[in-house]
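Numbering of ligands and ligand atoms starts at 1, following listing order.
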Amino acid sequence: MKKSAPIGIFDSGIGGLTVAGAITRALPNEHTIYFGDTAHMPYGDKSPELIKRYSVQIADFLVSKGCKAIVIACNTASSLAYKEVVEHVGELIPVINVIEPVAEFVTQHYSDKKIGVIGTKGTIGSGIYPKKIKKLNKNANVTSLATPLLAPMIEEGFYNNNISRTIINSYLSKKNIVDADVVILACTHYPLIKKEIIQFYGKRAEVVDSSDVVAAYLEKALRENNLLSTAKTLGKHEFYVSDFTESFEKSTKAFFGEKIDLNEVYLGK
Ligand code: DGL
């Protein structure tokens with residue numbers, strides 16, 4: 001595998017762009033190929049079987065595009081389909097999920113704190129965060145809450161307004177999350193509402209998102225596999241969606257500038 005090959009990144013929609021943005025900041029010379037599965041968004045309410053099927057199809061697509069590594073920039077797919085993606089393409093290229101890096105990070109930095117996790121129904125229902133964190137620290141205090149309206153709300157461009165604030169405040173006021181010391185944003189869409197979440201907690205809680213932590217983890221994995229780009233020029237970025245939406249285009253431009261290369265591709269049922 002060539003060091004100059006692109007990094008494949010995927011999510012159900014715009015959420016993974018928060019991770020892709022962090023990867024581009026940390027590794028500016030790397031090429032990236034982003035896939036947003038907008039036809040099937042939201043992933044959070046789908047069955048594990050469907051998420052597995054979509055994730056494996058996308059992994060095949062990214063491999064067919066010559067990617068040297070895959071970042072599953074989606075907590076729901078990382079929770080429900082990481083194993084299947086690794087079984088499918090892991091012998092060819094490294095596969096990174098967004099959960100392990102964050103579980104390691106909070107264990108290192110906040111081991112004695114009350115940790116709250118918010119994410120989709122799929123992620124929270126899988127119980128993967130408490131499981132991973134408690135494996136690293138058996139005394140960890142972890143509670144979680146599914147916040148299923150947030151990802152579709154953000155995907156539609158509803159953030160930093162009165163509607164989003166009302167929904168966010170209503171979720172965060174719930175009993176098992178309101179008094180957390182550390183809140184994990186266990187959905188890659190949520191960094192887009194991080195400001196509003198910080199406003200809700202004020203100084204009472206630290207808010208942790210996965211983007212920079214995952215970018216650092218990816219850099220380490222690429223270095224260990226001798227796959228870090230040695231290019232001196234800035235990387236190129238290609239974007240694919242399974243269904244063209246204006247909100248996806250708008251968000252991608254907001255992250256990567258006006259001249260983005262956005263393509264629609266059909267991956268099958
Ligand atoms: N951004 C995703 C996640 O991290 C998916 C949200 C969704 O499609 O429901 O879980």
Side-chain angles (χ1 to χ4, degrees), residues 8-23 34-55 57-59 70-82 84-85 95-103 105-106 116-130 132 144-159 164 167-168 171 183-194 197 207-215 217-218 239-243 245 247-248 251-252 254-255 267:
I9 305 166
F10 80 88
D11 179 42
S12 60
I14 63 169
L17 293 172
T18 59
V19 179
I23 291 173
Y34 186 88
F35 187 90
D37 195 5
T38 42
H40 300 129
M41 156 82 209
Y43 273 10
D45 301 338
K46 305 273 184 322
S47 69
E49 286 63 39
L50 270 185
I51 301 303
K52 285 172 193 164
R53 194 199 306 160
Y54 299 153
S55 300
Q57 278 172 348
I58 297 166
I70 289 180
V71 178
I72 308 181
C74 170
N75 284 265
T76 314
S78 293
S79 309
L80 303 174
Y82 173 63
E84 284 66 22
V85 174
V95 180
I96 311 288
N97 67 64
V98 285
I99 295 167
E100 265 150 39
V102 175
F105 179 84
V106 293
V117 186
I118 54 171
T120 65
K121 278 188 198 160
T123 301
I124 301 303
S126 75
I128 192 153
Y129 272 92
K132 293 269 176 206
S144 32
L145 178 76
T147 48
L149 286 180
L150 297 183
M153 172 187 93
I154 296 163
E155 188 78 17
E156 280 302 317
F158 275 85
Y159 41 94
S164 62
I167 297 174
I168 291 165
Y171 275 135
V183 180
I184 300 179
L185 307 186
C187 172
T188 53
H189 279 73
Y190 299 177
L192 293 160
I193 53 167
K194 191 171 179 179
I197 295 178
V207 179
V208 175
D209 78 71
S210 56
S211 13
D212 292 329
V213 180
V214 171
Y217 201 89
L218 170 69
F239 300 88
Y240 292 85
V241 282
S242 47
D243 186 27
T245 64
S247 58
F248 187 94
S251 301
T252 312
F255 274 89
L267 297 186

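- Heavy-atom contacts of M41 reach the following atoms of ligand 1: 8 (O) (cutoff under 4.0 Å).
- Contact of the K46 side chain with the T76 side chain is not registered, since no non-hydrogen atoms from C-beta on lie closer than 4.5 Å.
- Scanning the protein for heavy atoms near atom 7 (C) of ligand 1, the closest one is Y43 N, 3.3 Å.
- With a heavy-atom cut-off of 4.0 Å, A151 touches ligand 1 through its side chain alone.
- In the vicinity of T76, heavy-atom distances shorter than 4.0 Å reach the ligand 1 atoms 3 (C), 5 (C), 10 (O).
- L192 has its side chain within reach of T18: a pair of non-hydrogen atoms, C-beta onward, lies under 4.5 Å apart.
- With rounding to the nearest 0.5 angstrom, the OH atom of Y159 is 4.5 Å from the OG atom of S251.
- The closest side-chain heavy-atom distance from I154 to F158 is not below 4.5 Å.
- Using modelled atom types, one side-chain atom of S247 and one backbone atom of E155 make a donor-acceptor pair closer than 3.5 Å.
- The atoms of ligand 1 that sit less than 4.0 Å from any heavy atom of C187 are 1 (N), 2 (C), 3 (C), 4 (O), 6 (C), 10 (O).
- Under a 4.0 Å criterion applied to the non-hydrogen atoms of T120, ligand 1 contributes the atoms 6 (C), 9 (O), 10 (O).
- Under 4.0 Å from ligand 1, the heavy atoms of D11 that appear belong solely to its side chain.
- Distance CZ/F248 to CG/L17: 5.0 Å, rounded to 0.5 Å.
- Taking a cut-off of under 4.0 Å to the non-hydrogen atoms of G44, the atoms of ligand 1 that pass are 7 (C), 8 (O), 9 (O).
- If you look at N75 next to ligand 1, the close heavy atoms, those under 4.0 Å, come from the backbone and the side chain alike.
- Residues L150 and Y171 form a side-chain contact, since some pair of their non-hydrogen atoms from C-beta on lies under 4.5 Å apart.
- Side-chain contact between Y34 and V241 is absent, with no heavy-atom pair separated by less than 4.5 Å.
- Protein heavy atom nearest atom 1 (N) of ligand 1, with residue, atom name and distance: H189 ND1, 2.8 Å.
- Only side-chain heavy atoms of S12 come within less than 4.0 Å of ligand 1; its backbone N, CA, C and O stay farther off.
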